[in-house]
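Written below as structure tokens is the structure these notes are about.
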There are 2 protein chains.
Amino acid sequence: MGVVWQCQGVTSASTAGAVRQGSLRELNLAVVLRRIAAAERPPSRAEIAAGTGLTRATVSAVVDDLIAGRLVAEAEPAPRTGAGRPARGLVLAADGPAGLGLEVNVDYLAACVVDLTGAVRHHVVHRADLRPVSPADALDRLAALAAEARAAAVRDGLTLAGAALAVPGLVGDGGLVRLAPNLGWRDVDVPGILAGRPLVEPVDGIPPLVVDNEANLAALGELHAGPPCSASFLHISGEIGIGAGIVLDGVLYRGARGWSGELGHIPVHPEGRPCRCGGRGCLERYAGQEAVLAAAGLSGRELPADTAAARLADLARASDPATLTALADAGTALGVAVAGVVNLLDLDTVVLGGGYAPLAPWLAPPVVAEISRRVLTAAWSPVTVRPAALGAQSAAVGGAASVVRRIIDRPVGWLARSG
Amino acid sequence: MGVVWQCQGVTSASTAGAVRQGSLRELNLAVVLRRIAAAERPPSRAEIAAGTGLTRATVSAVVDDLIAGRLVAEAEPAPRTGAGRPARGLVLAADGPAGLGLEVNVDYLAACVVDLTGAVRHHVVHRADLRPVSPADALDRLAALAAEARAAAVRDGLTLAGAALAVPGLVGDGGLVRLAPNLGWRDVDVPGILAGRPLVEPVDGIPPLVVDNEANLAALGELHAGPPCSASFLHISGEIGIGAGIVLDGVLYRGARGWSGELGHIPVHPEGRPCRCGGRGCLERYAGQEAVLAAAGLSGRELPADTAAARLADLARASDPATLTALADAGTALGVAVAGVVNLLDLDTVVLGGGYAPLAPWLAPPVVAEISRRVLTAAWSPVTVRPAALGAQSAAVGGAASVVRRIIDRPVGWLARSG
DNA sequence: GCAATTTGTTCAGTGGTTGAATTAAATGGG
DNA sequence: CCCATTTAATTCAACCACTGAACAAATTGC
């Protein structure tokens, strides 16, 4: 089994939308499964029929297929509501397909398994400074971690249907990592290096390995694996660089070339501090990790990137004046950039993730202040600023969740597998 | 026939996506019609079948329905290509349904009719300073203009299937114009005022009147009525305020509450000139019409808003130094804001529309300069900055085009009408 | 004139939804 | 305890729209 990369979200223009005979069932499988996934408590076949407009007969037939394919299970009877035959509740199966989420970052590797219900079933983290390690060696270690997670999943009766790898950098066509500055990677052909490693079972319609930006996958995690949230939000991953995942109307927006979310280089002081990107006054120079550490009187080189945020949070909790000022200034700069984004996109939620998550108590107030000062429509309806629900490891979880989401959105690929 | 407002792009969550028996034909009607609309030269039934994956038999049946419903017509035989029975080309009908586009702006009213092919069949403009006129009176005059356009359309055998009204302001639920500062409107219930005026024939699935922001409709015009363009772009309407219509992956993004596109209040100098919005250093204060006129030594009050841009263009063509400096500075400020947007959204095209369209020769170079300086990914693939293809009146045309687009995207509503 | 070729139509066959009738499983009143 | 009532889920004949193959139509080229 080879490892193939496939661009996410690209629909072939050739046969786009054509509805053939069998597509009817294919589409209705997805409709019913999505409804089960989105419901707050296990719905009955009758409720699904009433909600979708399909006949009870059709829903029964579709549900039979889903149960036979181990995507759905019948839950214990729901609490009595009144007269009549009791409904049998339907839930997503916890022993069917699962997604494998992987992450390479500056000072750790991670692998996790998420099942259909969105539960994180396994999670392994391997701490190590990966800057001096070659890409091939780093991916070797990652493959070992993945094999470990896979074995654990198989023991639970789960089938890994696909994998997603989060990297802190720009990803181009074919899973090529164009540039991951803090990792020191440039033009690394990840699928090529991992080729031949059996990470997952092949499933029609699910790419065996998707490589994506860390911020994008973290946003997907917030959307699919976290508690119910707004359909249009910005997830900010504050690391050394500042990336953002943009979710609009419930779908991740990747940009014309897949390079959206470069929040770190939004100008906040057009003729301010020079930036390594060639511009001046980029947000990264005011709210990036290095800038905040320097303003707080710490040197970023001394401590691993991952603990930098924790260190700052400790100092802030201890009311260290330099740290409090540094965080307030960073929050203001962040707020200026975010206010512009909110004015442009009319978002109702901003999520502080990555390294910003533990610092949210100090960053959120100045961000909110700038938003209410600068956003025209804030008067009519408020903008929520909150820390990421999944915390720092959300990229790997988000990647795994994006895999199971694909199955929910197009279950026929999985059903065709087991025959 | 009452006038009803309906929010664009909102799919009812209740029956979302359920595919019933008849939906099959409904969806395939749309697939085939879209293909005919998107084709560069009239495609044959066989070409459509090959392109969509449907059978020739199915395509024939679908096309028969479309021809019977006056949405499609057979074109004259295409030039010979070789052996075999010659194909009969299919084109969108020019005598079927059409859209009515309306616009209220500071110093003019406009009405236009666009047919299925995207051709502007009629266009009436009524110049008048509307700032001293009450909303009810302004809408009265607009209704008269609409009646005129309607009569002309009927003479051509066209049927008006829906109307869209562009206003320079924020539009809330129910077509309520929350705030149109330059018009002096606040909480104007447009559908209520126009209620009872027969603007269009009722067609299932097409709201009789959509009220929308001018920048949104202008972007839709660029997308649907202009020459083929990128699927992800920003259309900037530079008037007294600066609005933007955002098209992502071929669909207009309206925001969580429908208030996206407030480009004018993106901060470009966070502690710079105070703005009437309450913030400081908003783009509008550096690149808005009033700011540019003042920098060029002209007073905005003297001349109607519409001719201000033309006046500036004249002066620039005559190499007036103050005007050239003013435009260069405005372009730089615009470029700073746009660079941030492009970094965030990874757009490949920026369209200068509204009052910026005639000034594009002077504004585009500094915008391009800021983009190439500040956008990380500009090195890999360039960003196009160009004037709007439809020019200044694109909002009305875009509104009309958005109506016919609805018919192309869901023809069954129209077909159900004529029985 | 005839074979070759491509387009478009006809028609029996089939997959999947529909709607009504039927069975299943509970509650509650007499 | 029995039975009417109520709601859930299944069964089954009917029907709609697509499928695939065969056929008719229209043109080129030998």
Side-chain angles (χ1 to χ4, degrees), chain A residues 15 17-32 36 39 41-68 72-90 411-412 415-416, chain B residues 15 17-32 36 39 41-68 72-90 411-412 415-416:
Chain A
T15 57
V19 185
R20 317 197 29 161
Q21 180 76 254
S23 319
L24 237 169
R25 177 48 71 82
E26 176 173 344
L27 292 168
N28 280 334
L29 284 165
V31 166
V32 171
I36 295 173
R41 52 186 179 70
S44 68
R45 293 166 174 78
E47 282 169 11
I48 294 171
T52 58
L54 294 168
T55 335
R56 290 203 303 273
T58 303
V59 173
S60 276
V62 168
V63 166
D64 285 348
D65 284 1
L66 292 173
I67 289 178
V72 163
E74 289 194 328
E76 278 315 289
R80 287 293 94 75
T81 54
R85 171 176 171 175
R88 272 182 293 176
L90 300 169
V412 76
L415 296 178
Chain B
T15 58
V19 185
R20 316 195 32 157
Q21 181 75 253
S23 319
L24 238 167
R25 176 48 73 82
E26 177 173 343
L27 291 169
N28 280 333
L29 284 165
V31 166
V32 170
I36 295 173
R41 53 186 179 68
S44 68
R45 293 165 175 80
E47 282 169 12
I48 294 172
T52 57
L54 295 167
T55 336
R56 290 204 305 272
T58 304
V59 173
S60 274
V62 168
V63 167
D64 284 350
D65 283 3
L66 292 173
I67 290 178
V72 163
E74 290 194 327
E76 278 315 289
R80 287 293 96 72
T81 53
R85 171 176 168 174
R88 271 182 293 175
L90 299 169
V412 76
L415 296 178

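Every chain is numbered from 1 and lettered A, B, ... according to where its sequence line falls, protein lines coming before strand lines. What's counted below: heavy atoms across the whole structure, side chains too, no hydrogens, waters or symmetry copies.
Distance, B/Ile48 CD1 to C/dT6 C1': 16 Å, rounded to whole Å. Atom CG of B/Leu29 is separated from atom P of D/dC16 by 16 Å (rounded to the nearest Å). In this structure, B/Glu26 places its CD atom 16 Å from C1' of D/dC18, rounding to the nearest Å. A/Leu24 has its CG atom 18 Å from the P atom of D/dC15, to the nearest Å. Straight-line distance from the CG atom of A/Leu66 to the P atom of C/dG16: 14 Å, rounded to whole Å. Between the P atom of C/dT7 and the CD atom of B/Glu47 lies a distance of 7 Å, rounded to the nearest Å. When the P atom of D/dA24 is taken as reference, atom CZ of B/Arg88 falls 17 Å away, rounded to whole Å. Spacing between atom CD of A/Glu74 and atom P of C/dA24 amounts to 16 Å, rounded to whole angstrom units.
Residue B/Arg85 places its side chain closer to D/dA25 than to any other of D/dA9, D/dA25, C/dT18. Among the nucleotides C/dT5, C/dG19, D/dA26, the one closest to any side-chain atom of B/Ala83 is C/dT5. Among C/dA26, C/dC11, C/dG19, the nucleotide with an atom closest to any side-chain atom of B/Ala57 is C/dC11. Of the candidate nucleotides C/dG16, C/dG8, D/dA17, D/dA17 has the atom lying nearest to any side-chain atom of B/Arg25. Of the listed nucleotides (C/dA21, D/dT19, C/dT17), D/dT19 has the atom at the smallest distance from the side chain of B/Leu54. Nearest to the side-chain atoms of A/Ala87 among the listed nucleotides D/dA9, D/dA26, C/dT17 stands D/dA9.
Residues B/Ile48 and B/Leu54 have side chains not in contact (no heavy-atom distance under 4.5 Å, counting atoms from C-beta outward).
Here B/Thr58 does not reach the OP1 or OP2 of D/dC18: none of its side-chain N or O atoms lies under 4.0 Å away. OP1 and OP2 of C/dT17 both lie 4.0 Å or more from every side-chain N or O belonging to A/Thr55. The side chain of A/Arg45 contributes an N or O atom lying less than 4.0 Å from OP1 or OP2 of D/dT10. Of the side-chain N and O atoms in B/Arg20, one or more sit less than 4.0 angstrom from OP1 or OP2 of C/dT18. Side-chain N/O atoms of A/Asn28 include one lying less than 4.0 angstrom from OP1 or OP2 on C/dT17. Between B/Ser60 and C/dT9 there is a side-chain N or O to OP1 or OP2 distance below 4.0 Å.
Of the candidates A/Leu29, A/Val412, A/Val32, A/Val72, A/Asp65 forms a side chain to side chain contact (heavy atoms under 4.5 Å, CB included) with just one, namely A/Leu29.
For the pair A/Gly53 and B/Arg20, the tightest heavy-atom approach, listed with the atom from each and the gap, is O-NH1, 2.8 Å. Scanning all heavy atoms of the two residues, the minimum distance from B/Glu74 to B/Leu90 falls at CG-CD2, 3.9 Å. Here the closest heavy-atom approach between residue A/Arg45 and residue A/Ser60 is recorded as CD-OG, 3.6 Å.
Side-chain N or O atoms of A/Ser23 include none that pairs as donor or acceptor with a backbone N or O of A/Glu26 at under 3.5 Å.
In terms of position along DNA chain C, the nucleotide closest to A/Gln21 lies nearer the 5' end than the nucleotide closest to the other residue of the pair A/Arg56 and A/Gln21.
Using a 4.0 Å heavy-atom distance criterion, B/Ser44 is classed as a sugar-phosphate-only contact.
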